[in-house]
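Notes to accompany the following structure.
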Amino acid sequence: KILVNGHIWRAAYANNVTLMFRGIRSWKGDGNDELQLYFLNTVGSMILGFRIPIHTIFLQSSPEFENVSSTLIRSEIKAGHDISHLVPSSCVKLVTEAYS
């Protein structure tokens, strides 16, 4: 489990990451914020780290999951509710541990 405070590109380089994936609900809803973060990670790694930026692939969710956010998932976990309807069954334990 890796939780990152600060610049994600620093943690990525420290862990020998060569490709990053970012999940977004929709380009209409999250696109602007994600593109700003992408820009900061690209420019930051070049200017502050003197590194070639790590390639990022964006994965957009299916429309039926556009309402699912990390805030919603954290709140469900905090309330002790099952989150299997919000995340894939293979991820329930890891997500619950990460947000507990």
Side-chain angles (χ1 to χ4, degrees):
K1 167 169 95 168
I2 299 173
L3 299 177
V4 176
N5 288 318
H7 300 284
I8 188 74
W9 59 267
R10 289 182 193 263
Y13 280 113
N15 288 280
N16 298 314
V17 171
T18 58
L19 177 65
M20 290 195 290
F21 292 91
R22 293 197 52 93
I24 62 171
R25 291 175 282 184
S26 72
W27 281 108
K28 182 179 178 184
D30 296 332
N32 188 46
D33 291 339
E34 286 297 329
L35 288 175
Q36 287 180 32
L37 287 172
Y38 175 74
F39 176 78
L40 291 173
N41 285 327
T42 300
V43 172
S45 65
M46 289 188 300
I47 294 174
L48 300 175
F50 304 106
R51 304 273 190 131
I52 296 171
I54 297 171
H55 184 64
T56 301
I57 295 175
F58 293 93
L59 303 172
Q60 183 175 335
S61 73
S62 298
E64 66 264 25
F65 295 109
E66 285 184 13
N67 67 319
V68 178
S69 67
S70 57
T71 302
L72 172 63
I73 292 170
R74 282 192 304 269
S75 126
E76 291 293 302
I77 291 170
K78 185 176 181 181
H81 298 150
D82 177 39
I83 60 165
S84 61
H85 62 290
L86 300 173
V87 300
S89 58
S90 60
C91 298
V92 170
K93 183 179 178 188
L94 290 171
V95 171
T96 301
E97 289 172 359
Y99 286 138
S100 293

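Note that the coordinates shown come from a computational prediction; the quantities given were computed from them, not determined experimentally. Just the heavy atoms: all of them, side chains too, but no hydrogens, waters or symmetry mates, feed the values below.
- The distance from the CH2 atom of Trp27 to the CG atom of Leu35 is 5.0 Å, given to the nearest 0.5 Å.
- Annotation for Tyr99 and Ser70: closest pair OH-CB, 3.5 Å, computed over non-hydrogen atoms.
- Smallest separation of non-hydrogen atoms from Pro53 and Ser45: CA-OG, 3.5 Å.
- Taken to the nearest 0.5 Å, the CZ atom of Phe58 stands 8.5 Å off from the CE atom of Met20.
- In the hydrophobic cluster analysis, where Ile, Leu, Val, Met, Phe, Trp and Tyr join through side-chain heavy atoms closer than 4.5 angstrom, Leu86 is grouped together with Ile77.
- The OG1 atom of Thr42 sits 10.0 Å away from the CD1 atom of Ile54 when rounded to the nearest 0.5 Å.
- Closest approach of Val95 to Ile73, counting heavy atoms only: CG1-CG2, 3.7 Å.
- Met46 and Leu37 are not part of a single hydrophobic cluster, where members link through side-chain heavy atoms under 4.5 Å apart.
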Which side-chain N or O atoms in residues 61-69 pair as donor and acceptor under 3.5 Å with protein atoms at least two apart or in another chain?
from  : atom 1 : to    : atom 2 : distance (Å)
Ser61 : OG     : Arg25 : O      : 3.0
Ser69 : OG     : Thr71 : N      : 3.4
Ser69 : OG     : Leu72 : N      : 3.1

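- In this structure, CZ on Arg10 lies 11.0 Å from CG on Asn41, to the nearest 0.5 angstrom.
- To the nearest 0.5 Å, atom CD1 of residue Ile8 and atom OG1 of residue Thr56 are 9.5 Å apart.
- The side chain to side chain contact (heavy atoms under 4.5 Å, CB included) with Glu76 is formed by just one residue from the set Ile83, Asp82, Val87, Thr96; it is Ile83.
- Between atom CD of residue Glu34 and atom OG of residue Ser26 there is a gap of 10.5 Å, rounded to the nearest 0.5 Å.
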